[in-house]
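Structure, as structure tokens:
The residues of the chain are indexed from 1 along the displayed sequence.
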Amino acid sequence: MRILLASDGSPAAHAALRIAQAFPWPARSVARGVVALGEVRWGRSQFGAELARSLHAVAEEMRAALAARWPRASVVELHDDAADAICGEARRFRADVIVLGWRGHGRAARILAGSVSRAVVARAKCAVLVARDTREASSRPVRRLALGVDGSDNARRALDFVARLAAPEDNKLTLVSVAPPVSVPPLSLARARVRAHVEEEKAARLREAGRRIAVAAQRMNRRGWHVIARSRLGPPLDELLAEARRSRAQVLVVGAKGRSGMRGMLLGSVAAGALDHSLLPVLVVR
């Protein structure tokens with residue numbers, strides 16, 4: 001697997017480096033770093049020189065951090081627009097995944113995340129692992145993942161990605177299959193026949209969710225993962241985030257639409273919502 005790590009020297013970027021070092025990448029994976037602090041428009045000015053020195057210092061720090069796991073890893077220093085530089089280097093490197101930091105969560109995420117992280121996730125042709133600048137970010141080995149399974153091509157690609165990883169010892173993979181709630185007009189609930197139909201539909205949806213997750217669990221068990229299967233009925237994003245918390249997952253894995261684009265909606269509502277609201281690092285797989 002080919003891993004591209006992006007850094008700007010921020011605390012969120014340091015969290016990304018830590019999780020990259022702790023993640024269960026497959027054997028013989030290779031890594032490259034990219035440092036892009038944006039375009040330098042001040043030429044030979046003192047400010048431009050200071051920015052260049054800052055860029056070089058971040059790159060040297062990154063080389064030392066990567067060497068602990070990937071002794072031959074190189075680091076590319078770019079003065080291009082940061083999002084363009086990261087996505088461009090991912091294409092040149094033929095990266096399978098980009099790892100970068102993401103500032104904030106919740107309603108403030110669109111401001112705190114900044115244009116760079118959000119643009120990379122929206123435009124990348126490969127998977128993107130985003131790390132939070134939170135106390136949860138640590139260098140402990142990543143052994144516990146949570147993954148949403150809904151029978152879609154998005155979820156299948158996420159499963160394919162996790163299946164390529166090296167299942168660590170004492171691992172746990174929580175597979176969450178969420179069936180959407182049954183919606184009926186409120187006045188109809190007064191009728192016993194309608195209530196019975198609603199209960200039957202709920203049971204049918206949960207059975208279908210259970211079948212989906214059983215197939216996925218069988219596959220991942222063969223890949224060395226200890227699977228915990230959870231079937232839920234409710235809003236998909238809410239249930240997925242809640243189950244990830246309950247299972248004490250270290251990373252949340254979600255599938256996104258295969259086609260990239262500038263608008264967040266092209267990721268899909270669950271993937272976009274996970275990025276905005278999850279307190280955990282999120283691996284978005286295309």
Donor-acceptor contact present, side-chain [X] to main-chain [Y], <3.5 Å:
{"X": "Q250", "Y": "P141", "answer": "yes"}
{"X": "S117", "Y": "G101", "answer": "yes"}
{"X": "R164", "Y": "P26", "answer": "no"}
{"X": "R286", "Y": "A124", "answer": "yes"}
{"X": "H226", "Y": "N171", "answer": "yes"}
{"X": "S177", "Y": "V149", "answer": "yes"}
{"X": "R232", "Y": "L240", "answer": "no"}
{"X": "S247", "Y": "A244", "answer": "yes"}
{"X": "R132", "Y": "S278", "answer": "yes"}
{"X": "Q21", "Y": "A65", "answer": "yes"}

Evaluate the side-chain proximity of [Y] to [X]: yes if any heavy-atom separation is below 4.5 Å, no if none is.
{"X": "N154", "Y": "V270", "result": "no"}
{"X": "V34", "Y": "F93", "result": "no"}
{"X": "H14", "Y": "E61", "result": "yes"}
{"X": "V178", "Y": "E243", "result": "no"}
{"X": "V128", "Y": "L100", "result": "yes"}
{"X": "V116", "Y": "D8", "result": "no"}
{"X": "R118", "Y": "V121", "result": "no"}
{"X": "L129", "Y": "I3", "result": "no"}

Looking at every non-hydrogen atom in both residues, tell me the closest pair between [X] and [Y] and how far apart they are.
{"X": "W102", "Y": "L275", "value": "NE1-O, 3.5 Å"}
{"X": "E239", "Y": "L233", "value": "OE2-O, 3.9 Å"}
{"X": "A155", "Y": "D150", "value": "CB-OD1, 3.3 Å"}
{"X": "H277", "Y": "L241", "value": "CB-CD1, 4.0 Å"}
{"X": "A131", "Y": "I19", "value": "CB-CG2, 4.0 Å"}
{"X": "A16", "Y": "V99", "value": "O-CG1, 3.6 Å"}

Legend entry - Over 12 non-hydrogen atoms of neighbours within 6.0 angstrom of CZ in R248: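 Count not over threshold, so no.
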
When rounded to the nearest 0.5 angstrom, what distance separates [atom1] in [X] from [atom2] in [Y]?
{"X": "L159", "Y": "L175", "atom1": "CG", "atom2": "CG", "value": "6.5 Å"}
{"X": "S231", "Y": "R207", "atom1": "OG", "atom2": "CZ", "value": "12.0 Å"}
{"X": "L280", "Y": "R245", "atom1": "CG", "atom2": "CZ", "value": "9.0 Å"}
{"X": "L173", "Y": "L165", "atom1": "CG", "atom2": "CG", "value": "9.5 Å"}
{"X": "S7", "Y": "M62", "atom1": "OG", "atom2": "CE", "value": "5.0 Å"}

Inset, instruction - Could you please spell out the steps behind the side chain to side chain contact (heavy atoms under 4.5 Å, CB included) verdict for V58 and E77? - result: CA-CA 9 Å; V58 171; E77 302 175 38; over 6 Å; no

Legend entry - Intermediate values then yes/no, side chain to side chain contact (heavy atoms under 4.5 Å, CB included), W225 and V162: CA-CA 10 Å; W225 289 93; V162 174; 4.1 Å; yes

Legend entry - ILVMFWY network linking L145 to I228, side-chain heavy atoms under 4.5 angstrom: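 No, separate clusters.
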
